Amino acid sequence: MSLSVDDNLQSELAAMGASGTWHWDIAGDRLHADHKFAELYGLDPETALAGVSPQIFFSAIHPDDRPRIRIAVAAILAGAETFSKEFRVIAPDGQILWVHGRGQCHLDAVDEPVRFTGLLVDVTERKRTEDRLRIAQTAGRVGTFEYVDGFATASVSDTFCRLLGLHPAPALPSQTINGVLRGGEEPLIPGPYAGEAPGTLNGTFQIVRNDDGEHRWIERRGEIVREGNSYRLIGVIYDVTHAKMLEAQLRELNDNLEARVAAEVASRQSVEDALRQAQKMEAVGQLTGGVAHDFNNLLMAISSSLDLLRKRVGDDPQVVRLIDNALAGTKRGAALTQRMLAFARRQDLVSEIIAIPQLVEGMLDLMRRTLGPSWPVEVDFPRDLPPVVGDANQIEMAILNLAVNARDAMPGGGTILVASNCEHIDIASSELAPGSYLKLSVIDTGFGMDEDTLARAVEPFFTTKGVGKGTGLGLSMIHGLAQQLGGTFTLESRAGEGTTASLWLPAATAAEEQSDRPSDDGCDAPTQLHKLKILAVDDDSLILMNTSALLEDLGHTVFEASSGDEALALFAANSDIDVIVTDHAMPGMTGAELAEQIDEIRSNVPLILATGYGELPPGFRSGAVKLGKPFSQKALADALSQAMATA
Amino acid sequence: MIPIDVSLSELERDALTEIVNIGVSRAASNLRKMIGDQVFLSVPAIEVVSQTRAARLITEREVSDLVAVRQDFTGAFAGRALLIFPEENSLDLVRAVAGSELSADEVIEIEQEALAETGNVILNSCLATMANMLKRSLSMSIPQVVRGTGASLFAAEEQGTEEGLVLFLYIDFAVRSRDIRGYIAMIMDLPSLAILKGLLEDFITRVVGDDLP
Amino acid sequence: MPAKVMIVDDSKLARIVAGKALAELQPDWTKVEAASAAEAMERLEEGPADVALIDFNMSETDGLELAAKLRVLYPDMPIAIITANIQDEIIARAREIGAAFVPKPVTADGLEAFISGAALTLRSQRA
């Protein structure tokens, strides 16, 4: 027997953990087996080593596995090269073991099989582990792969194929596997010319499943086993689409959060900008108010002086005309300061009867010049429009403001229509009491406002114009004005369809119309009063001098005081003072404060408070007569009459 | 829809796999001799599918055009055997078989013939082994090289004949360090498949004998 | 004592491979190639060959038919059928004609037994 070499080999194999080895002599039709094989099969070791019938090979194999092993062995005997089968062996004690039989067919020079040798390894433990692994992989939907570099295909599990939507196969071309990738990524399995091993097998891939075209996320994990110059990749893949979707949702939420925070920050920023703008405008207003006040005093000195001068120059018509011109100039200057004061919100509303058509007519020229040639202004007023009660200056301002808005809504130019009609409200609303109203509308055909913008349009500080272009106070001020006059302000607009801004002003009643007779505030003869002793108070010596001159011209006796303290001293020293004419805005003690102090000394002394400002301290005593600066001699005389009448 | 009478039992499938395996072993050994490089062949996966499905199976795996060596066989059962590989592999295979010393022009010149010869060796290995194992003889035609898509390779040729079934053997053969892979497919009509099934039963009876379940 | 070998194969590549294996075994021997049975007959008319290596799978006349013809013409000529078609039936038919069987692809190892046998036969014929 030439088995001695094989004997040694078989001992070595046995020592390495083989559960038995065999040597099937095909030509001699004998099966030789080592003592472990004999032990497993319940054979006598000596007999087994010497040789038994090859059919013994199948004797211990589990009946269920026997047919398939017989077929495999038949294939080996017919020339198949390798035998690698797992099957169950029933040991002599009845125990069932899983073994892995691995064998090789040795061929002669003309490819005729000569012998079939191999070994059995007990894989019962591994088989159980594998079963658990297989179940875990199937249950966990984990696909496995193995790739040896340089090859065009990779060994894969069925689950692997199913995860990619490919027909299950034990091996797939790298090209096929990578074909499901959405592209741009590194390959899932390297191709044959990939060269270097990838740095890691850990990665996430986006795929389009081959069978149903679904987009999925696939996670790859595994190990890179280096074998000399080449490498082997062993790994798993699993679907992480669900986790990715959750992640994406979370990220979206986070992104939204950022966006929401950004929007909030932007909105705060815009409020801050608006506030800063408002503060700036407030400062400008203060400044304007101060300048206007001083300017008003100057105008008053000039107009009073002109009044007196006119009386004394006699009848020279040329001189009278010059003086009248100068007086007209001071009146226009006074109107200008009124506007400046209105801008600075320091002016009381004047209630007067206004015919809107005439008012608009009178400001058309101003409007056209303000708006520019690309925005022609048209007016549409029906006949018999009732007059309204209000402040002409303020209404003019409002109309001008609305016209400017209308222009800004039509950057390419367009007609601005100023129209009016009479509306009757029968049922009270939150905005309007029942009655007749004149609805004055400024209509453009510009880009209009969406609902959101429309809803916020009259909020203070809301502006669609850039910072520095608008105060954001325009519409809110107009709204306030309309409400103050007993009306309201409405906006009708749709995005892309223009805007109609309407001031609703109460129509004047007949009584109001009667009481308001336009009067000439020129220089008619003053109302005659008996000679009075008057205390004139003003911190501005120019004004004081001027007021004194006017009063003296009326035949009164005047005591001059340039401060509240001085006035109190004079008043205390002259108990026969009939009336006091005082400026309100004075440093140290205001006119109002002075009045209180006067009351302490002697109550109900007639008092005229001259002021260019609208505001009077609340609870200011009712007996005082208010006199707007600048005042004419007649206005002063009227105020005196009024004051003396209340005394 | 595959009729019941030609669907293979587990054991028949096992037997066919082993038989093909022998052929594949020979083919691998032959290819090794021709190429002089390691050739790996997968254990054949066997499926009986319609020609349409076979075309889809191959198209799913191979996006490019294909080259096939075709050999018809007649005898106890008849059909057509195909050795299929991606067209881009064609010249690589020729170079592997004919030797790397050939110039590019020479490779192209003998491409057709080298492919036919390679197909001849591999398909003959498989078919002859099947014939021997099943104890029947088969006559093989001269190999032909055809090119086309998966669909055209599996298209039924004769009009009016019902679509044949394909004994689809996935055998991936991969040649180390070369991007070469391929498949072997056998197209048989229903009567042939029924005969094959009968022969497989005989084979099993012969080999398994009393151990038949 | 060089011999002349006729290689019949419709594949040029196969003829090259067979020629290489032959040259490895018997560098002195000359060879004549034919791509079909008809061409083989023509070559033989030009001059006789000592040994024939014939591919089985050829169109028109197959290798076994050609071998049978040659056997009639040259009863003592060593003839081998070369084929990858290793069917038992083919091998049996080759034996009937008195032709050896050499599996394809041809290698020096695979061809050696036949060539050394042929060398012996030729030597005894010429002795």
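Just so you know, these numbers come straight off a predicted model, no measurement behind them. Per chain, numbering begins at 1; letters A, B, ... match sequence-line order.
- Every residue two or more places apart in sequence or in another chain that forms a salt bridge (charged side-chain N to carboxylate O under 4.0 Å, His left out) with A/Arg126 is listed here: A/Glu86, A/Glu130.
- Of the listed residues (A/Pro63, A/Ala78, A/Cys105), the one with the most heavy-atom contacts under 4.5 Å to chain B is A/Ala78.
- For A/Arg216, the salt bridge (charged side-chain N to carboxylate O under 4.0 Å, His left out) criterion is met by A/Glu214, A/Asp239, not counting sequence neighbours.
- Taken to the nearest 0.5 Å, the CD1 atom of A/Ile69 stands 8.5 Å off from the CD atom of B/Glu18.
- Within 6.0 Å of CZ in A/Arg102 there are 12 or fewer heavy atoms belonging to other residues, nucleotides or ligands.
- Heavy atoms from other residues, nucleotides or ligands lying under 6.0 Å from CZ of B/Arg147 number more than 12.
- In this structure, CZ on B/Arg13 lies 13.0 Å from CD1 on A/Ile71, to the nearest 0.5 angstrom.
- Between A/Arg68 and B/Asp14 the shortest heavy-atom distance is CB-OD2, 3.1 Å.
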